[in-house]
K.L.:
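This is the structure I want to talk about, given as structure tokens.
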Amino acid sequence: MESRYDPTASESRWQEAWEAEGHYAAGAGARRDDTYVICVPPPNVTGDLHMGHALNGSIQDVLVRWHRMRGFDTLWQPGYDHAGIATQNVVEKELAKEGRTRQDIGREAFVDLTWEWLEKTGRTIMGQFRRLGCSLDYSRERFTMDDDYVRAVVTFFVRLWDRGWIYRANRIVNWCPFHQTAISDLEVVHEEMDDTLYTIRYPFADGDGRDGVSVATVRPATILADVGVAVHPDDPRYREAIGREVVVPYTEQRVPVVADERIDREFGTGALKVTPGHDPLDFDIGRDHGLPEPVVIGPDGCMSEQAADLAGLTQEEAGARVIGWAEERGLVEKREPYRHSVGTCERCHSRIEPLISLQWWCARTEPARPAIAALQERRVRYHPESQHRFAIASLEEAPDWCISRQLWWGHQLPIWTCPDGHLTVTVDEPSACAECGVTPLERESDVLDTWFSSALWPYATLGWPEETPELARYYPGDVNSTAREIIRLWVNRMIWTGLEVLGDVPFTDSIIHSTVLALDGRRMSKSLGTGIDPMEPIDEYGADATRYGLLKISSTQDVRFSYGAIEEGRKLAIKLWNVARLILQNAEDVTPAREPRDLEEQWILARIDAARADVEDSWARFDFAESTATLYHLTFDDFCDWYAEAIKPRLYDRDPAAVATALAALERLLALLHPVMPHVTEEIWSHLPARGSRLIVAPWPDPDDRFAADAAALERVQEAAQIFRRSGVQVELGSEDERRIFAAVVRPERVQGDGNRDAEVERLRKEVARAEGMLANERFVANAPDAVVAAEREKLERYRRELAALDG
RNA sequence: GGGCGAGUAGCUCAAUCUGGAUAGAGCGCUUGUCUUACAAACAAGAGACUGCUGGUUCGAAUCCAGCCUUGCCCACCA
């Protein structure tokens with residue numbers, strides 16, 4: 001073994017070996033019939049690994065490696081999402097560099113170009129997952145645009161259609177004027193923006209022009225589509241106005257004043273101009289009051305033909321005209337700077353235009369019902385529990401889902417229209433209209449929301465709708481792990497579609513992992529410049545250290561990235577390497593001889609077994625931070641600082657008994673650490689004598705309570721060591737074992753204690769007094785649990801004993 | 001505006017659900033030690049009104065109430 005551990009070379013060597021030897025493949029090394037299945041959340045095909053992926057990859061890999069070692073038939077499914085709007089956005093930007101648009105080259109060429117682009121620059125993340133040591137079954141990589149995946153999506157769509165859950169409706173949607181498509185509420189991000197809030201008077205139609213209802217607006221251009229003014233029914237200011245008509249500025253249309261309880265009396269003037277075509281609230285109010293729904297803004301965000309003489313202007317220009325017109329007539333009462341949050345497209349950050357358009361929708365109430373039941377009955381459990389409640393609430397409140405997008409990159413809707421307007425919805429392209437037999441048919445040009453196809457991920461990757469052996473074996477799966485923000489977009493949808501299609505939930509546990517924040521506590525984001533590329537720490541500290549560090553800090557909802565945690569991981573890897581060298585250097589040519597017998601040998605085996613139980617318990621609860629602490633202290637404190645020091649003299653003597661136990665203990669230690677730090681443990685494993693197999697498929701240690709160690713005896717030695725080091729006084733030890741360990745670890749002949757006996761005596765006297773005080777408190781003795789009182793008594797005795805040794 | 005977190009040593013975090021033992025680690029700091037695995041180490045040490053104010057209790061970092069600070073997610077206040 002090299003004297004220094006070099007993670008970089010070692011890690012890539014093992015990553016290649018594991019994959020080449022087939023250990024990542026589903027079922028590799030399975031020693032039992034149970035399956036254990038996790039699907040990686042398919043990352044965007046154009047994306048790079050970010051810190052959230054790295055944490056999530058670490059979490060999933062711990063679970064997968066652990067179960068593989070336990071003998072499960074393990075499948076960790078990799079793959080990519082075609083990410084409709086995100087990918088199209090990237091390719092359109094590339095085109096824009098050449099001064100071209102997608103319209104210039106046409107749909108077919110654009111889709112071809114996108115495939116080419118992905119060929120060149122896409123699909124990088126799986127390589128980065130490999131570099132993190134993630135044991136995904138890369139041979140099974142799937143893509144949501146694979147032919148058979150497309151077939152699954154279309155089949156699912158037809159199924160929902162047959163269920164009557166898909167329909168077309170003219171409704172207000174979020175419209176991105178850059179991408180020229182509808183997007184869902186969940187794809188809209190709100191950003192603070194500065195605007196001007198105008199207060200404008202709408203005069204009564206039957207008045208003298210001085211009297212009217214004043215409204216506030218930040219978008220004066222939408223005045224052209226005003227069809228009414230709404231006030232709260234109980235607002236005394238407007239009691240007289242309800243039912244009268246007012247005149248809309250510029251258009252000079254007479255529109256009614258209506259009463260609606262959704263109006264916030266506190267805001268602005270307490271009166272709302274109703275623009276159903278361009279505002280979601282106004283849309284609802286308009287429908288309920290039977291108002292018309294004119295649309296004056298076009299798909300490009302500029303004024304449309306319906307804006308009459310303002311057609312073709314930008315909204316700013318049109319707004320200025322309208323304000324100018326109103327100003328000349330003395331209708332503008334106020335203009336004030338106004339900062340508010342505005343919806344923008346999450347991809348291009350264009351200001352979202354709410355507008356009415358004809359879109360395809362998926363009903364939500366009916367499909368969600370079985371999923372809500374499954375969550376309430378805890379057939380699926382979100383972790384942590386707070387997210388479980390959130391997930392249920394989200395399903396209960398979900399509005400219908402706008403599934404159509406006016407994009408080119410994606411799954412085209414399997415809907416064909418005949419010249420008579422009949423719709424044919426089938427999986428395979430129909431030759432003629434199903435209703436009247438007429439041709440030609442025209443296929444719906446819209447594509448599906450990206451998340452429509454991601455919702456099928458757990459079973460479409462297994463070959464559904466075909467009844468494949470994989471589907472039968474690996475569905476339902478076990479665990480899903482992902483970020484908080486896609487609970488509604490993705491996780492909930494997998495649950496309800498799984499129940500719909502296969503009658504069973506796709507997994508039983510849904511982990512919502514921490515959000516990794518930047519060092520300053522803000523969100524990691526490219527635009528803020530706060531992002532840290534996980535490949536940096538992987539290259540600098542190693543994948544094992546990075547995995548360890550991310551898991552260590554993953555305990556709370558939001559967590560700051562920390563180089564310190566990763567350095568701790570590096571230290572642990574180095575420590576393991578060195579202690580393995582100590583043992584192996586002295587193990588050559590030694591034939592292991594007997595069962596562990598001595599105190600320190602039984603003690604370390606008992607400690608390792610206790611850590612095994614703790615780690616299993618932590619992982620069963622998906623508490624990965626806790627497990628890193630257990631493993632760190634087992635390695636440093638117990639294994640290295642006590643056990644290894646205690647057996648050193650006999651290792652130097654090449655005592656076959658000591659060597660045998662040391663090797664056995666080291667093997668168990670490596671096995672426990674392998675899921676967290678796979679590379680360094682496999683590297684050391686490869687140096688162990690008589691090791692045919694790989695650690696990655698070695699059996700996870702069974703419970704081992706054969707050696708009930710006298711833990712109290714070891715603790716006596718540890719106390720004696722501390723007293724000696726502080727005071728220079730040797731406390732008398734009872735057994736030969738205790739004296740031997742003390743001599744080996746402390747080496748009193750070489751190390752002089754600090755000799756501060758007085759300070760030590762003082763400290764012990766204070767402890768004695770404190771313990772005596774507590775035990776003298778009758779109410780404490782009466783009320784506290786017996787174990788607490790007993791522990792206090794024990795402590796008091798120990799302090800008195802130690803005090804006697806020092807004083808004596 | 002709604003939901004969910006966080007506030008403990010100079011820094012990053014444990015312990016809080018289920019009240020109890022000297023509030024633990026790592027980094028940093030001080031002191032000593034190159035000891036045939038490791039100075040990327042070992043040993044000893046300093047360092048904490050556990051955000052604030054009350055309450056419950058023999059006992060509160062932990063439970064209750066209120067307040068302050070801060071983060072994330074969600075949201076149609078024109």
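Scope of the values below: all heavy atoms of this structure, side chains included, with no hydrogens, waters or symmetry mates.
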K.L.:
I'd like a table of atom pairs between the protein and nucleotides 75-78 of chain B - only N or O on both sides, under 3.5 Å - with the distance next to each one.
P.N.:
| unit_1 | atom_1 | unit_2 | atom_2 | d |
| --- | --- | --- | --- | --- |
| B:C77 | O2 | A:Asp264 | OD2 | 2.2 |
| B:C77 | N3 | A:Asp264 | OD2 | 3.1 |
| B:A78 | OP1 | A:His340 | ND1 | 3.0 |
| B:A78 | OP2 | A:Tyr338 | OH | 2.5 |
| B:A78 | O2' | A:Ala216 | O | 2.8 |
| B:A78 | N6 | A:Asp264 | O | 2.6 |
| B:A78 | N1 | A:Asp264 | N | 3.4 |

K.L.:
To the nearest 0.5 Å, tell me how far A:Asp264 CG sits from A:Glu266 CD.
P.N.:
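Reported to 0.5 Å precision, the distance equals 6.0 Å.
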K.L.:
So which one's nearest nucleotide on RNA chain B is more toward 5', A:Arg389 or A:Val559?
P.N.:
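It is A:Arg389, whose closest nucleotide lies nearer the 5' terminus.
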K.L.:
For B:U12, does OP1 or OP2 lie under 4.0 Å from any side-chain N or O of A:Arg560?
P.N.:
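So the side-chain polar atoms of A:Arg560 do come within 4.0 Å of the phosphate oxygens OP1 or OP2 of B:U12, strictly under.
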K.L.:
Hey, does the Lys NZ or Arg CZ of A:Arg488 hover above the aromatic six-ring of A:Trp451, less than 6.0 Å from the centre and inside 45° of the axis?
P.N.:
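Because its charged atom misses either the 6.0 Å distance or the 45° angle limit, A:Arg488 does not stack over A:Trp451.
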K.L.:
When you match A:Ser3 and A:Val189 each to their closest nucleotide on RNA chain B, which lands nearer the 5' end?
P.N.:
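Nearest-nucleotide comparison on RNA chain B picks A:Ser3.
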K.L.:
Is there a donor and acceptor pair closer than 3.5 Å between the side chain of A:Glu645 and the base of B:A37?
P.N.:
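Yes.
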K.L.:
Quick one: label A:Phe780 by what it contacts on the DNA or RNA (base, sugar-phosphate, nothing), any heavy atom closer than 4.0 Å.
P.N.:
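Contact class for A:Phe780: base.
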K.L.:
Establish, with yes or no, whether the OP1 or OP2 oxygen of B:C42 is under 4.0 angstrom from a side-chain nitrogen or oxygen of A:Lys575.
P.N.:
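It does, given that an N or O in the side chain of A:Lys575 lies less than 4.0 Å from OP1 or OP2 of B:C42.
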K.L.:
How long is the line joining CD of A:Glu396 and C1' of B:G2, in whole Å?
P.N.:
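In whole Å, B:G2 C1' and A:Glu396 CD are 16 Å from each other.
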K.L.:
Looking at B:A14, B:A44, B:C38, which one has an atom nearest to any side-chain atom of A:Ser555?
P.N.:
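For the A:Ser555 side chain, the nearest candidate turns out to be B:A14.
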K.L.:
In whole angstrom, give me the gap between the P atoms of B:C63 and B:G20.
P.N.:
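Their P atoms lie roughly 10 Å apart.
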K.L.:
Which is true for A:Ala784 with a 4.0 Å heavy-atom rule: it touches a base, it touches only sugar-phosphate, or it touches nothing?
P.N.:
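Base contact.
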K.L.:
Side chain to side chain contact (heavy atoms under 4.5 Å, CB included) with A:Asn174: which of A:Leu355, A:Thr344, A:Val188?
P.N.:
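Among A:Leu355, A:Thr344, A:Val188, the one meeting side chain to side chain contact (heavy atoms under 4.5 Å, CB included) with A:Asn174 is A:Val188.
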K.L.:
Just checking A:Phe636: base, sugar-phosphate only, or nothing, at a heavy-atom cut-off of under 4.0 Å?
P.N.:
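It contacts sugar-phosphate atoms only.
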K.L.:
With centres under 5.5 Å and planes under 30°, do A:Tyr652 and B:U36 count as stacked?
P.N.:
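Per 5.5 Å and 30° rule: yes, stacked.
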K.L.:
If you measure from the P atom in B:U35 to the same atom in B:C27, how many Å do you get, rounded?
P.N.:
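My reading of the P atoms in B:U35 and B:C27 gives 22 Å.
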K.L.:
Can you list everything that forms a side chain to side chain contact (heavy atoms under 4.5 Å, CB included) with A:Val768? Sequence neighbours excluded, please.
P.N.:
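If we apply the side chain to side chain contact (heavy atoms under 4.5 Å, CB included) test to A:Val768, skipping adjacent residues, the hits are A:Glu772, A:Leu796, A:Tyr799, A:Arg800, A:Leu803.
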K.L.:
Quantified in whole Å, what is the P atom distance between nucleotide B:U69 and nucleotide B:A25?
P.N.:
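Each nucleotide's P atom is 35 Å from the other's.
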K.L.:
Under the salt bridge (charged side-chain N to carboxylate O under 4.0 Å, His left out) rule, what do A:Arg265 and A:Asp235 come out as? Steps first, then yes or no, please.
P.N.:
CA-CA 7 Å; A:Arg265 279 173 280 185; A:Asp235 193 335; 5.4 Å; no
K.L.:
Only Watson-Crick and G-U wobble pairs with both distances less than 3.5 Å should count. Give RNA chain B in dot-bracket notation, marking inter-strand partners with |.
P.N.:
(((((((..((((......[...)))).(((((.......))))).....(((((..]....))))))))))))....
